[in-house]
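The structure appears below as structure tokens.
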Amino acid sequence: MPEVRALYVLSSSAVAPRNVTRFSTDSDFDLAVILDAPLKEDEWRPRPADTYALVRDRLPSWVPEFSFHLPVPWGKMEVNVHQLLFQYEADPRTTWNSDKCDAYGNKGEPLFDRESGFEALISHKTREQLERLEAETHRLHNRITWDVREIPLRMARRVGVPTGHFVLSGALDEVVDWMYARSGRLLPNMKWKLYSLEALGLINGAQENLLIEAQQCDPLSMVDLERRCEVLGEFCRSAGMDLSTGAIAAVRKAYQQANHHLLGDGAAAFATLPSPRFVPSGGCGASG
């Protein structure tokens, strides 16, 4: 079809050198169709669906529904046809998240790519996302200093032990994301995150066992919450994260200055003596 710019197989069905996913009889078959269609600059919208609605009369009628089933020897297999408009994706206002970059850059097999245009676009969007990951690494490191122990235990005391376990489960996800981000790797889809850590060589067997221990949970037990906090902290230390009091304070201060202080390290300091006040940076008497 002349309007097809590219055609890619994705995820566990794709043969790609950096793809560690596994195909099984529980797998879907993911196919991406990238189309060419005229698009005016003022037709771009933040939500792709809103742009698609504007150009619907320019799209070919053969484009299928997203999901359908095909007969296979083990029963039926779901086929998902991901549909992209090349002109929309190539617009500099369109950003790709880490999951999307990983899906096309690491888990995509090109069946057809006119003049390798979509491959070049994947590389460009991936570079942009990897640059953003550096900031994400600092954000996750800051969050982990709170969520691996301090916030779960504090919330357990404030509103109940189940909330503490819930917060710690979120911290587990933050730690996994940090492992990818600090290694300069794209964050994969949630269902492949844990498996890919060891498959990509980012953790060893002992570290994987720590993550498994940290997942185990008695949601009504404060003792078990303490155990989970300690295990997840042990994993972080094994991965090279310093969780000493001084290191935590330094990480938090650096993050706050970079992201929440208008003046960064030039912000005024609070002093209580001789009276409560803010002392401008470089001023005297800032202690108290």
Side-chain angles (χ1 to χ4, degrees), residues 8 10-12 14 16-21 30 32 46-48 82 84 88-109 118-148 151 167 169-204 207-208 210-211 214 232-233 235-243 247-248 250-261 264:
Y8 272 65
L10 302 175
S11 194
S12 56
R18 293 186 297 273
N19 187 8
V20 297
T21 62
D30 291 288
R47 282 195 342 127
H82 302 259
L84 302 178
Y88 181 87
E89 301 300 329
D91 192 291
R93 292 168 289 186
T94 302
T95 60
W96 288 14
N97 61 25
S98 189
D99 185 352
K100 187 171 180 177
C101 290
D102 180 64
Y104 286 96
N106 295 331
K107 300 180 177 70
E109 177 189 358
F118 193 62
E119 180 184 9
L121 180 61
I122 293 170
S123 296
H124 176 68
K125 297 294 185 182
T126 298
R127 285 195 302 271
E128 290 183 332
Q129 177 60 23
L130 287 173
E131 290 172 1
R132 289 191 290 269
L133 269 183
E134 184 175 353
E136 180 67 357
T137 303
H138 296 307
R139 185 193 71 82
L140 289 166
H141 193 174
N142 175 68
R143 280 301 342 150
I144 289 167
T145 68
W146 295 97
D147 296 341
V148 163
I151 299 299
V167 173
S169 294
L172 181 61
D173 193 43
E174 291 167 347
V175 168
V176 170
D177 285 357
W178 175 75
M179 291 293 294
Y180 285 103
R182 69 114 181 222
S183 301
R185 291 182 179 270
L186 297 165
L187 280 59
N189 183 275
M190 174 68 77
K191 62 185 179 182
W192 292 109
K193 276 184 182 178
L194 185 61
Y195 167 77
S196 296
L197 276 179
E198 187 169 20
L200 291 170
L202 298 181
I203 60 173
N204 56 38
Q207 289 173 314
E208 184 180 35
L210 288 173
L211 289 179
L232 193 53
F235 174 87
C236 291
R237 288 185 288 271
S238 76
M241 181 181 286
D242 187 349
L243 293 178
I248 287 176
V251 167
R252 292 177 182 176
K253 183 174 183 178
Y255 183 79
Q256 291 164 358
Q257 288 177 340
N259 295 276
H260 300 303
H261 294 181

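- Closest approach of A16 to N106, counting heavy atoms only: CB-O, 3.8 Å.
- Of all heavy-atom pairs spanning A103 and L10, the tightest one is O-CD2, 3.7 Å.
- Residues meeting the ring-ring contact (aromatic ring centres under 6.0 Å, His included) test with Y104, sequence neighbours left out: W96, F118.
- Residues T94 and K125 form a side-chain contact, since some pair of their non-hydrogen atoms from C-beta on lies under 4.5 Å apart.
- Without hydrogens or angle criteria, T126 side chain to S123 main chain gives no donor-acceptor distance under 3.5 Å.
- When all heavy atoms of M179 and A239 are compared, the closest pair comes out as SD-CB, 3.7 Å.
- Listed by chain and number, the residues in a side-chain hydrogen bond (donor to acceptor under 3.5 Å, both in side chains) with S169 are R228 (sequence neighbours excluded).
- Closest non-hydrogen pair, S12 versus T21, comes out as CA-OG1, 3.1 Å.
- For the pair N19 (side chain) and S11 (backbone), a donor-acceptor distance under 3.5 Å is present.
- The two residues V175 and C236 have their closest heavy-atom pair at CG2-SG, 3.8 Å.
- Considering CG of D177 and CD of E174, their distance stands at 8.0 Å, rounded to 0.5 Å.
- When the side chain to side chain contact (heavy atoms under 4.5 Å, CB included) test is applied to A247, the partners found at least two apart in sequence or on another chain are D242, S244.
- Residues that satisfy the ring-ring contact (aromatic ring centres under 6.0 Å, His included) test with H82, not counting sequence neighbours, are F66.
- Within the 3.5 Å criterion, the main-chain N or O of N204 finds a donor-acceptor partner in the side chain of Q207.
- To the nearest 0.5 Å, the span separating CG on L200 from OH on Y195 amounts to 9.0 Å.
- Every residue meeting the salt bridge (Lys or Arg N to Asp or Glu O under 4.0 Å) condition with K100, not counting sequence neighbours, appears here in chain and number order: E89.
- Qualifying salt bridge (Lys or Arg N to Asp or Glu O under 4.0 Å) partners for D91, counting only residues two or more places apart in sequence or in other chains: R93.
- Within the 4.5 Å cutoff, side-chain heavy atoms of E119 are placed close to those of Y8.
- R18 contributes a side-chain N or O that, together with a main-chain N or O of G105, makes up a donor-acceptor pair within less than 3.5 Å.
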- V251 and I144: CA distance, side-chain angles, deciding distance, side-chain contact (heavy atoms from CB on, under 4.5 Å) verdict: CA-CA 10 Å; V251 167; I144 289 167; over 6 Å; no
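- Looking at L210 and I203, their side chains never come closer than 4.5 Å, going by heavy atoms from C-beta outward.
- Take E128 and apply the side-chain hydrogen bond (donor to acceptor under 3.5 Å, both in side chains) test, not counting sequence neighbours, and it matches H124.
- In terms of modelled atom types and a separation under 3.5 Å, the side chain of N259 and the main chain of Y255 share a donor-acceptor contact.
- Closest heavy-atom contact between P188 and K107: CB-NZ, 3.9 Å.
- Applying the side chain to side chain donor-acceptor pair (under 3.5 Å) test to residues at least two apart or on different chains, the pairs with a partner in residues 138-147 are E136-R139, R143-D147, T145-R252.
- Take A214 and apply the side chain to side chain contact (heavy atoms under 4.5 Å, CB included) test, not counting sequence neighbours, and it matches L172, V231, L232.
- For R127, there are no salt bridge (Lys or Arg N to Asp or Glu O under 4.0 Å) partners at least two apart in sequence or on another chain.
- By the salt bridge (Lys or Arg N to Asp or Glu O under 4.0 Å) test, K253 pairs with no residue at all, sequence neighbours left out.
- The CG atom of L133 sits 6.5 Å away from the CG atom of L186 when rounded to the nearest 0.5 Å.
- The side chain to side chain donor-acceptor pair (under 3.5 Å) analysis of residues 179-191, with sequence neighbours excluded, yields the pairs D99-N189.
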- Would you please test D102 and Q129 for side-chain contact (heavy atoms from CB on, under 4.5 Å) and show each step? CA-CA 10 Å; D102 180 64; Q129 177 60 23; over 6 Å; no
